[in-house]
> 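Quick one: this structure, given as structure tokens, is what I'll be asking you about.
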Amino acid sequence: MNDLVETLIRPEIQALKAYHVPDATGLIKLDAMENPYRWPEALRDDWLAALREAELNRYPDPQARDLQAALREAMAIPDEMGLLLGNGSDELIQMLALAVAAPGKQTRAAAAEANGEALGEAPAETLTKATSGCPTLLSLDPGFVMYRMIARFVGLEYVGVALSAAEFALDLDTTLAAIEHHRPLLTFIAYPNNPTGNLFDPAAIERIIAASPGLVIVDEAYAPFTDASFLPRLGDWPNLLVMRTVSKMGLAGLRLGYLAGPAGWIAQIDKVRLPYNINCLSQASATFALRHRDVLDAQTETIRAERGRLASALAELDGGQGRLKPFPSEANFLLVRTRPGQAGALFTGLREHGILIKHLDGSHPLLADCLRITVGTPDENAALLAALAALLDDH
Ligand code: PMP
């Protein structure tokens, strides 16, 4: 059995670690950038009435036309732009990668495995080195891990350009040099970035789009928490697409992402979409939710205000000794640097206090001693601060 697994499964897939989701049962969940607020009771009946109409015996509308219309209106997507829906924006990343990947071309990862070299989860900076001319997907590291994983799934080589150590800014010269060298088919820029929470300089992103021979996807998963966006810039360059999700605005359970851009691109990428990828319950629920967008916007506003309060409280926690350093964030989470060697103990200590956050130390050299904390409700944030105060006292 094991021999067969080793023979049949591609070596670069065997070398991957599966995307890990920790069990959060019974814990205050501040690990996954979810909106902590549920639907208000007052809207539940209307929502359930909308679901009651859903015909579970039929396949859903393959184009999800009502939902597309609701999204276009709610998000001000220009009429002349194409729109593609995914089962989460993760699925859109996969569709993009599938649409451009050239089967049969061996990736550097596969070549290294075949030569008996250990590549495994190589640190990002080694991947920026000159390589074999394989088709590449480029992004910035530390960044969203699915870009790297999906590149591996479809046989694209992943190139991660390191952000600069100073406040995780985009290193424009290095990024432009990497684009020139690797000629990536796809470049993903998360704006704001996960896990660092910052926005990159929009002028630098413009330079990247203009210099890129391939598609540039500005990933605005955290759009509800910032005023910055490239959505109004769609059409300014032929190779710009904007990707978003409803996950962070309060609908993570529905799994719905969307990709907007010039219709010619969207029509091609749509061909690799599996039929009926958005189920009828998600279509009905999201259409309903978007028609009540004011509710979601009010929740988002509360989270934005809480983010500022939480950042100040974290920085002040030990009477201003600076043992926790929150970085500026335009998202619904805060990246926090602890004193050297303390991140692991704080992460474990918080879990013992019933609070789950994300431990990032060890995941990338620039994230040494870092934790990522999703902004919760005022009560959840208060519990977090109290637990951290107790843990810091003990150290
Ligand atoms: N892009 C970024 C930058 C993210 O952080 C995430 C989720 N953490 C996603 C995309 C995926 O979002 P979803 O699949 O829930 O739409």
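Counting starts at 1 for both ligands and their atoms, in listed order. Remember, it's a predicted structure, so these values are computed and weren't measured experimentally.
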> Among all protein heavy atoms, pick out the one at the shortest distance from atom 6 (C) of ligand 1; state its residue, atom name and that distance to 0.1 Å.
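Looking at atom 6 (C) of ligand 1, the protein heavy atom closest to it is Phe144 CZ, 3.4 Å.
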
> Could you walk me through whether Asp46 and Arg44 satisfy the salt bridge (Lys or Arg N to Asp or Glu O under 4.0 Å) test, starting with their C-alpha distance in whole Å, then the side-chain angles of each, then the deciding distance to 0.1 Å, before giving a yes or no?
CA-CA 6 Å; Asp46 287 349; Arg44 279 190 175 256; over 6 Å; no

> Exactly one of Ile205, Leu241, Thr187 should register a side chain to side chain contact (heavy atoms under 4.5 Å, CB included) with Val218. Which one does?
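Exactly one candidate clears the test, Ile205.
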
> Considering the heavy atoms of Ser247, write down every atom of ligand 1 situated less than 4.0 Å from one of them.
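Heavy-atom distances to Ser247 below 4.0 Å select 13 (P), 15 (O), 16 (O).
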
> Do Lys29 and Glu34 sit within salt-bridge range, that is, some charged N less than 4.0 Å from a carboxylate O?
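Between Glu34 and Lys29 there is a salt bridge, with a charged N closer than 4.0 Å to a carboxylate O.
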
> Quick one: look up the protein heavy atom nearest atom 12 (O) of ligand 1 and list residue, atom name and how far away it is.
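Answer for atom 12 (O) of ligand 1: Ser89 OG, 3.1 Å.
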
> For ligand 1, which atoms, with element, lie under 4.0 Å from some heavy atom of Arg255?
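This gives 13 (P), 14 (O), 15 (O), 16 (O) as the contact atoms.
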
> What atoms of ligand 1 come within less than 4.0 Å of a heavy atom belonging to Thr245?
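It comes down to these atoms of ligand 1: 13 (P), 15 (O), 16 (O).
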
> Have a look at ligand 1 and work out which part of Met243, if any, has a heavy atom under 4.0 Å from it: side chain, backbone, both or neither.
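Neither; nothing of Met243 gets under 4.0 Å from ligand 1.
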
> Do Arg244 and Asp219 meet the salt-bridge criterion of a basic N to acidic O distance under 4.0 Å?
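Salt bridge flag = no for Arg244 with Asp219.
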
> What atoms of ligand 1 come closer than 4.0 angstrom to any heavy atom of Gly88?
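Going through ligand 1 atom by atom, the ones under 4.0 Å from Gly88 are 14 (O), 16 (O).
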
> Should the pair Asp31-Arg372 be classified as a salt bridge under the 4.0 Å nitrogen-to-oxygen rule?
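No.
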
> Tell me: protein heavy atom nearest atom 2 (C) of ligand 1, and distance?
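The closest heavy atom on the protein side is Asp219 OD2, 3.4 Å.
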
> Parallel, tilted or perpendicular for Tyr147 and Phe188, by the 30°/60° rule?
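Answer is parallel, since the angle falls under 30°.
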
> I need the atoms of ligand 1 closer than 4.0 Å to a non-hydrogen atom of Lys248, numbered in the order shown.
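Result: 7 (C), 8 (N).
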
> Using a 4.0 Å heavy-atom threshold (strictly under), name the region of Asn194 that reaches ligand 1: side chain, backbone, both or neither.
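Under 4.0 Å from ligand 1, Asn194 contributes side-chain atoms alone.
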
> Run through Asp201, Asn198, Ile208 and flag the one making a side chain to side chain contact (heavy atoms under 4.5 Å, CB included) with Leu170.
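Among the candidates, only Ile208 passes.
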
